[in-house]
Every structure is written in C-alpha cells, then in structure tokens.
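Notes follow once the structure below has been shown.
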Amino acid sequence: MRMTVFGTGYLGATHAACMAELGHEVLGVDVDEAKIDRLRRGEVPFYEPGLPEILKRQVEAGRVRFTTDYAEAAEFADLHFIGVGTPQRKGEFAADTSHVQEVVARLAPLLTADAVMVGKSTVPVGTAARLQEIADERVRAGVRAEVVWNPEFLREGFAVADTLTPDRIVIGVREPGGPVEEVVRGAYVPILESDPCPVIVTDLATAELVKVSANAFLATKISFINAVSEVCEAAGADVTVLADAIGMDPRIGRRFLGAGLGFGGGCLPKDIRAFMARAGELGADQAMSFLREVDSINMRRRERMVDLATEACGGMLIGKTVAVLGAAFKPDSDDVRDSPALNVAGMLSLKGAQAVVYDPQALDNARALFPTLTYAGSALEACEGADVVLVATEWPEFLGLDPAAVARVARGRIMLDGRNCMPAEAWRAAGWTYRALGRGVAVS
Ligand code: UDX
C-alpha cells in the first residue's frame with residue numbers, strides 16, 4: 001500500500017520506517033527541514049536501538065522517502081497517518097493539539113480524492129471528532145476525508161518491536177465494519193498474517209481514551225509502588241522484595257513495579273496531566289483527581305533522592321561532588337524530556353553541589369537542556385573525586401561497574417541507587433555504603 005506519515009519524531013519516524021519494512025511504500029512528512037534532510041540520508045535523528053538499520057535499508061530500497069511538501073503528500077497516497085506531537089501547553093495541564101489540527105487543516109484542501117486520515121498521536125478525547133469537523137470544512141467539493149483513531153503504544157527503546165509486533169491494534173472509526181476500517185486494517189495485514197495480535201475496533205472516543213487510560217494506569221502503578229516505598233523507608237522494610245512478592249500474584253504482575261526515581265519522559269507525565277484537564281472539561285474532574293496524587297508522589301521521589309544525597313554528604317551539599325550516572329529518562333533512550341535523572345542533577349547543583357553527569361547516549365541532549373551542569377565522557381570520569389555516586393538511570397553499563405575501580409577514583413564510598421538496579425551486595429562487599437530509595441534498615 002501507499003501511505004504517508006505526518007510527523008517524524010520517535011513515533012512518526014519509527015512508524016514510517018517500519019511500515020516500509022512491512023512492504024508498503026511510505027512518504028514521511030515533517031515541517032522541520034533539518035530533520036527531513038537527515039532522514040533522507042537514512043539517519044535517525046534520535047537514539048532508538050534497531051531503527052537505524054531498518055531506516056537505512058528502506059531508504060536505500062526507495063520504499064521510504066521524506067518530504068516537507070504537503071502537496072506531494074496529498075498526491076502520493078489516500079492513507080495518511082498522523083504522528084505529530086501533542087505537548088503539554090505552557091502553564092497548563094492540557095495538551096496542545098495545534099500540531100494535529102494543523103496537519104488536517106493543511107492536508108484536507110489538497111486532497112483530490114477520498115482519503116483516510118489515521119491519527120496515532122496521544123490526544124484528549126474529542127480531538128478526532130474536532131479534526132473530522134476541520135477536515136469536512138476544508139476538503140474540496142466531492143472529496144471525503146475520514147478521520148480514524150489508531151493509537152500507538154510504542155515505548156522508546158523498544159519502538160521497533162512495539163511497532164512490528166504490537167500487543168494489540170486499536171482502531172477507532174465512525175462506521176465499524178465499513179470500507180474505512182478495511183483500509184486501516186490493510187496497512188497491518190503483513191503483521192496480522194505473520195504474527196497475529198488482537199484488533200479492537202471501536203468508536204473514536206474509546207480509541208482515544210484507550211491510550212490515555214493505558215498511560216495513566218502505568219503511571220499509577222509506578223506511583224503506587226513508590227508510595228509504598230516511602231512507607232518501606234519509614235518502617236525499615238525493603239520495597240524490592242515487597243514488589244517481587246506482590247508481583248507474583250498474576251492479578252498484580254511484577255512489571256512497572258520498579259520503585260525508585262519514578263517516571264519521566266515525553267509521555268507519562270504530560271499524558272496524566274492532559275487526562276485530568278480533559279476530564280475536568282467534561283465535568284468528570286473528580287474521577288481523575290487521584291492522578292494529581294500520582295503526579296505528586298512521582299515528583300516527590302526526585303526530592304527524596306536529593307535529601308538522601310544531602311544526608312550522605314553529611315547534611316550539606318555545598319562543596320561536595322556528586323557523580324550522577326544517567327541523564328536519559330530511562331535506559332536505551334537519549335530522551336531527556338522531564339528526566340528524573342537530570343532533574344535531580346539540577347537540584348543538587350542548585351543546592352551547591354558539583355553534579356557531574358554522565359550518560360551513554362543522552363549527553364548532547366542533556367547539555368542542550370542544562371548547559372550549566374558538568375558533564376563527563378565516561379562513568380569513571382564522572383566518579384573522579386566524587387563524594388557520592390548516584391545512579392539515576394538503569395543503563396546496563398552502570399550495573400556492570402566494578403566497585404573497586406570506582407573506589408580507586410572516587411573520594412567517598414557512598415553509592416546511592418536511584419533505580420534499585422545495582423548489585424547491592426557486591427558494592428557493600430567492596431567497602432561501599434549502599435543506600436537506595438525504599439530500602440530502609442534492611443540494606444543500609
Ligand atoms: C510510555 C508507555 O509505556 C508507552 O506505551 C506509550 O506509548 C508511551 O509512554 P515510554 O515513555 O517510552 O513509554 O517509557 P516507559 O517504558 O513506559 O517508562 C516511563 C517511565 O517510567 C520511565 O522514566 C521509567 O524509568 C519509569 N518506570 C518504568 C519506573 O519508574 N518504574 C517502572 O517499573 C517502570
């Protein structure tokens with residue numbers, strides 16, 4: 001099939017390359033010339049394991065191309081995916097849907113034949129219906145543009161696998177069972193034939209809500225374990241053992257019970273806020289008010305980490321050096337948007353410490369966002385002269401650090417594990433004091 005993908009960020013670029021990998025002919029569209037130039041050369045403008053190989057292969061094969069020209073896109077296909085950003089509005093909780101609106105407003109008048117516009121971005125419920133109105137107002141006489149919602153559940157770091165072998169495909173459409181649904185299903189036929197997954201066909205509003213609800217649930221699960229971890233600390237219990245134990249109940253499950261610095265990134269924090277804002281607009285604000293608490297528990301983890309570092313430095317951060325290992329919001333990503341790691345480094349620096357940050361992939365992005373922090377070229381370099389070593393992102397490289405090697409360059413012998421990921425025993429056996437969020441007397 002021929003299709004376009006509007007937006008070439010994490011979502012759009014991955015979708016475009018993967019659709020080509022499935023055998024389709026794809027045109028990626030973005031307003032950012034520089035990004036389009038890099039993609040045309042087969043370069044992925046962000047770190048995503050496995051994607052560069054696919055993109056290069058498909059660019060060379062000519063199955064995926066990139067443009068900034070909307071007219072070319074309108075001409076190229078009758079199936080248009082939309083994967084542009086829906087960031088948090090400045091000074092508000094609500095999502096900014098102007099980019100999705102702009103795509104539809106610009107594309108609709110250029111269509112010369114009936115077309116399907118498939119939204120993949122995470123949007124407040126009701127957006128698809130509004131986009132349909134915009135499309136109806138703007139299309140030429142005799143042309144129909146149908147808006148469909150097909151949310152994307154991809155995780156950074158696993159974007160390729162999540163796109164090529166999804167857990168489920170959700171299609172929100174005005175007329176289930178009709179020709180429009182068939183067109184959208186067509187794009188996924190190669191997946192459904194090789195490694196079938198459930199396809200849920202529903203209305204537009206439900207499809208939009210599926211996505212925000214999934215993210216709100218995941219955020220709630222993380223904040224639940226982090227709230228329990230506060231009690232564990234107060235009671236001298238170990239949250240990691242507790243999570244293992246409750247996670248064995250299949251109704252609960254161990255995944256997303258990783259206690260520590262909490263969630264960040266470009267999705268979970270903004271999505272729960274947008275969900276609260278939208279529920280409020282719909283008059284259902286009480287229903288989602290618990291998400292405010294989910295958000296506060298999450299943000300509190302960052303402060304607790306700074307408190308722990310302050311305690312470790314004897315009550316005062318001024319003049320102390322803290323090695324902060326990790327800047328990305330999670331491993332296998334170079335994304336620093338709302339990163340707990342960078343936030344903690346920033347707070348340590350504000351309180352007078354010298355925070356020396358190292359990350360295997362996110363250093364450039366971190367430098368651009370927080371230019372005043374000190375950056376190191378390796379984990380060991382970051383630990384040179386450090387009074388405290390703080391692990392803020394669970395990169396495998398940090399898990400494998402040799403405590404003896406770190407001890408040779410560091411000044412202090414305090415390991416603060418912000419992700420409950422380090423081998424505590426090995427560090428203690430090498431003479432380090434090991435402290436972690438949510439693990440009280442049992443391990444300190
Ligand atoms: C998330 C959703 O998982 C994905 O389905 C959606 O499409 C986009 O948002 P992503 O932002 O890539 O994906 O990251 P995810 O793996 O969900 O992690 C989010 C944050 O939660 C990270 O900061 C991670 O460190 C944190 N986290 C995750 C925890 O603190 N504990 C856990 O147990 C799991």
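Each ligand, and each atom within it, is numbered from 1 in the order the structure gives. Keep in mind it's a predicted model, so treat the numbers as computed, not measured.
When the shell of 6.0 Å around NZ of Lys351 is examined, it contains 12 or fewer heavy atoms from other residues, nucleotides or ligands.
Contact record, Thr163 with Ile191: O-CD1, 3.5 Å, taken as the closest heavy-atom pair.
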Quick one: do Lys211 and Glu152 satisfy salt bridge (charged side-chain N to carboxylate O under 4.0 Å, His left out)? Show the steps, please. CA-CA 8 Å; Lys211 177 61 200 275; Glu152 181 57 60; over 6 Å; no
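At a 4.0 Å heavy-atom cut-off, the residues surrounding ligand 1 are Glu152, Phe153, Leu154, Arg155, Glu156, Lys211, Asn215, Leu218, Ile222, Phe256, Leu257, Gly258, Gly262, Phe263, Gly264, Cys267, Leu268, Phe329, Lys330, Arg419, listed by chain and number.
The pair Glu208-Arg278 fails the salt-bridge criterion, with no side-chain N (NZ, NE, NH1 or NH2) lying under 4.0 Å from an Asp/Glu carboxylate O. With respect to the salt-bridge test (charged N to carboxylate O, under 4.0 angstrom), the residues Arg57 and Glu21 qualify.
A ring-centre distance under 6.0 Å is found for Tyr70 and Phe6.
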